[in-house]
> 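What follows is a structure written as structure tokens; I'll ask about it next.
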Amino acid sequence: MRCCKGLLIAALLVPAGFVHGETDVPSGAASLSNPYTGDANAAVAGEKLFASMNCDGCHGGGALGFTAPSLADGRWRFGGDDGAVFHSIFHGRPHGMPAYGAILPADAVWMLVTYVTTRPVPREVPTAAWQATP
Amino acid sequence: MFGPREFEAGIPVSTRHAITRSLHSAAALGLALLAGAACAADDGQWTLPGKDLAATRYSALDQINADNVGALRPVWSFSTGVLGGHEGQPLVANDTLYVVTPWPNVLYAFDLKTEDYPLRFKYRPDANRAAVGVACCDAVNRGAAFAQGRIVYNLLDGRTVAIDANTGKELWKTTVADLARGETITMAPLVVGERVLVGPSGGEFGIYGWFIGLDLATGAIAWRARNIGPDDALLARPGTFKAFYDRGENLGQASWAGDTWQRGGAPVWGWLSYDPELDLVYYGTGNPGPYNADQRIGDNKWTSSILARRPGDGSLVWAYQFTPADNWDYDANAENILVDLEIGGRERKALVHFDKNGFAYTLDRRTGEVLVAEPYVHLNWAKGLDRKTGRPVVNEAKLTGKSRGPVKDICPSLEGGKSPASPAAYSARTRLFYVPTVNLCMDWQSEDAAYIPGTPFVSATVPYHPGAGGYLGAFIAWDAATGRKVWEVREKFPLWSGGLATAGDVAFYGTLDGWFKAVDARDGKPLWKFKVGSGVVGAPISYRGPDGKQYIAVYSGIGGDWALIAGDIIAADPADVRPTNDFAPDLARYTSQGGMVWVFAL
């Protein structure tokens with residue numbers, strides 16, 4: 001069928017050095033701390049993973065939303081702190097978010113978390129601008 | 001609420017001759033009658049997705065006509081409680097109106113014999129929530145089929161169900177698709193005799209496409225045929241299968257590099273039709289996967305193709321590929337409308353197909369021979385069709401694939417010159433086809449795709465831009481015998497609704513900004529419109545009520561691809577706010593999600 005504007009799945013596979021199968025994750029997602037907080041390189045690596053692991057096939061190029069919700073609007077169904085986002089990726093969520101814990105090592109998930117949570121958030125809801133249109 | 005002056009003007013395209021001929025020649029009209037469908041008196045019901053086995057979407061009811069349709073008014077409406085895109089159409093059988101919603105695929109049955117149309121029953125399947133995330137393009141459903149006292153339809157999570165049409169009791173439920181492999185089901189099944197015919201969605205998930213026949217009585221799967229792969233998997237049996245333009249064995253395997261066919265797509269998410277005289281069921285297949293053509297060198301048969309099978313045992317009888325080595329996501333899932341047409345002085349058993357690739361094809365439905373192939377919208381990926389080989393003459397500058405880098409301005413876009421989700425209609429009176437079209441073009445850049453089962457297998461960045469002319473869609477009338485556009489009504493936004501043609505010489509369609517419209521089937525003159533609250537991506541129907549009156553029904557509820565690309569049309573999820581798109585930036589200003597059923601009458 002169809003996929004459309006903004007869709008991007010790039011060439012990159014899991015960055016070299018990652019080892020599959022590191023699936024031990026402590027419970028209590030919100031208490032998890034992101035080892036890459038503030039690490040711009042990790043965000044760039046996460047952006048590449050976002051494409052190569054087909055995240056943008058559902059969430060759209062730039063995580064702006066497609067068949068799955070926007071991750072760049074500053075709003076979250078299941079919590080937007082790093083630990084909650086980690087859990088969403090690692091364990092999956094209802095409505096079809098796959099569990100990537102069996103596919104990606106925890107390090108790679110944290111890079112995805114770093115990318116997603118550092119997307120620039122619009123200052124205003126985009127449709128609100130119509131109020132000002134003459 | 002409405003008035004002719006408010007409408008966009010109908011645009012005649014110098015084919016008065018065609019209209020005159022079709023309206024005033026009883027002999028010619030006889031030639032145009034459909035196999036088994038339009039020649040019979042209309043029973044006032046709408047029991048199959050496309051009205052009849054030929055998928056004409058033509059109602060022979062004529063109380064509502066071009067002279068009085070201006071007085072059409074809504075007489076009933078019902079909110080389905082579901083926000084997904086309301087594609088497809090309701091059914092009417094035995095004075096009951098049946099409605100299937102997008103996921104979670106609720107079936108409503110309304111009693112048309114009682115004032116206010118109260119529910120006779122409501123069937124709520126336990127449709128798996130995870131399916132929503134495995135459907136590429138919104139959690140849509142394109143409708144049900146009624147046969148032998150049963151309503152048969154598909155659940156998004158990969159199951160086919162049969163429901164007692166009188167009681168709502170579930171008679172059987174069969175798992176036919178595998179969510180873990182990226183398979184969902186959005187299409188409307190067709191029932192032919194004792195067979196229920198079903199295919200999967202999942203062209204963006206690297207599925208191994210198939211088509212199955214189930215037993216109507218029990219739900220058992222009688223046969224399963226693959227659309228790609230070796231001949232034995234295709235049920236392409238020696239002595240039975242004969243492609244008009246292709247020779248050789250195992251074409252569905254040999255036309256792929258290595259084992260790429262095993263995750264090569266070829267979904268079946270569009271419409272089915274059936275010729276009882278030839279005993280052939282026709283369906284189109286979708287795109288090859290992934291979008292990056294470098295990863296699947298070859299023709300990729302039989303993706304973006306039409307296949308004709310025997311419904312009894314699934315045998316493949318013929319196949320024709322509209323877009324070999326599809327580089328542009330030109331799924332061929334559009335309806336195949338079966339009509340008998342006079343072409344070149346000869347009556348032909350024809351099949352008419354408006355492909356996403358921008359060509360309107362008139363085929364010989366006995367063999368798959370191309371009789372007519374002309375662009376019905378602007379296209380530039382091909383320069384024409386080689387009539388000897390049946391292959392398009394491809395414009396190499398528009399080929400894609402990672403090795404070709406960014407490619408600019410390909411027309412039409414991957415939304416198609418017409419979406420298969422929005423089926424055309426055929427009028428036995430005017431002998432014209434009524435086609436909702438899309439005027440978008442695209443740029444394309446492919447990358448390598450990684451296959452991860454159950455996740456998207458695509459690899460392309462494809463921004464859209466408007467086609468030439470200052471409009472994004474048009475409702476056109478098409479003469480399939482000559483391959484000519486007869487008239488068109490241009491629209492501000494792409495059209496994504498189906499068409500309906502009636503014996504009152506009225507054609508109906510809806511728009512993405514939420515207007516339901518009627519035009520004169522003879523010349524396209526706008527006659528009436530009503531704002532239904534949300535964009536129309538469903539297909540209108542007509543039926544005769546128990547009171548003897550003619551009714552028109554249609555869904556409103558924007559979605560399908562437009563759930564993805566219309567911008568901020570979402571209000572029910574506070575955690576999903578989207579920027580406006582750049583090719584139709586105003587769309588979300590005029591519509592928002594919300595599913596309803598509307599019924600209109602004089």
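Throughout, protein chains are lettered first and strands after them, A, B, ... in sequence-line order, and every chain is numbered starting at 1.
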> Determine the minimum heavy-atom distance between T67(A) and D138(B), stating which atoms define it.
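Closest approach of T67(A) to D138(B), heavy atoms only: OG1-N, 3.8 Å.
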> Which region of D568(B), side chain (C-beta onward) or backbone (N, CA, C, O), has a non-hydrogen atom less than 4.5 Å from a non-hydrogen atom of chain A, or is it both or neither?
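When you check distances to chain A, atoms from both the backbone and side chain of D568(B) fall under 4.5 Å.
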> Please report the shortest heavy-atom distance between T455(B) and P98(A), naming the atom on each side.
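Nearest heavy atoms, T455(B) then P98(A): CG2-CG, 4.3 Å.
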> Measure distances from P585(B) to the heavy atoms of chain A and classify the residue's part below 4.5 Å as side chain, backbone, both or neither.
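The backbone, not the side chain.
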> Non-hydrogen contacts under 4.5 angstrom with chain A: give the residues of residues 437-444 of chain B involved, or none if there are none.
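From residues 437-444 of chain B, none sit under 4.5 Å of chain A.
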> Considering residues at least two apart in sequence or located in another chain, which fulfil the side chain to side chain contact (heavy atoms under 4.5 Å, CB included) criterion with T580(B)?
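W130(A).
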> I'd like to know if the side chain of N54(A) reaches the main chain of F457(B), judged simply by a donor and an acceptor atom lying under 3.5 Å from each other, with no hydrogens or angles considered.
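Side chain of N54(A) to backbone of F457(B), a donor-acceptor pair under 3.5 Å: no, none is there.
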> Between R578(B) and D73(A) (side chain of the first, backbone of the second, donor and acceptor by atom type, cut-off under 3.5 Å), is there such a pair?
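Absent.
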> Minimum heavy-atom separation for A575(B) to P69(A), with atom names?
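For A575(B) and P69(A), the tightest heavy-atom pair comes out as O-CB, 4.1 Å.
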> Name the region of A131(B), side chain, backbone, both or neither, that has any atom closer than 4.5 Å to a heavy atom of chain A.
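Answer is neither: A131(B) stays 4.5 Å or more from chain A.
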> Of all of P94(A), P122(A), G92(A), S70(A), which one pairs up most often with chain B through heavy atoms under 4.5 Å apart?
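Highest number of heavy-atom pairs under 4.5 Å: S70(A).
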> Between A588(B) and chain A, with a heavy-atom cut-off of 4.5 Å, which part of the residue counts as in contact: side chain, backbone, both or neither?
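Interface part for A588(B): both.
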> Please name the pair of heavy atoms, one in R77(A) and one in D573(B), separated by the smallest distance, quoted to 0.1 Å.
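Heavy-atom minimum between the residues: NH2-OD2, 2.5 Å.
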> Pick whichever of P574(B), A563(B), G454(B) has the most heavy-atom pairs under 4.5 Å with chain A.
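Ranked by heavy-atom pairs under 4.5 Å with chain A, first place is P574(B).
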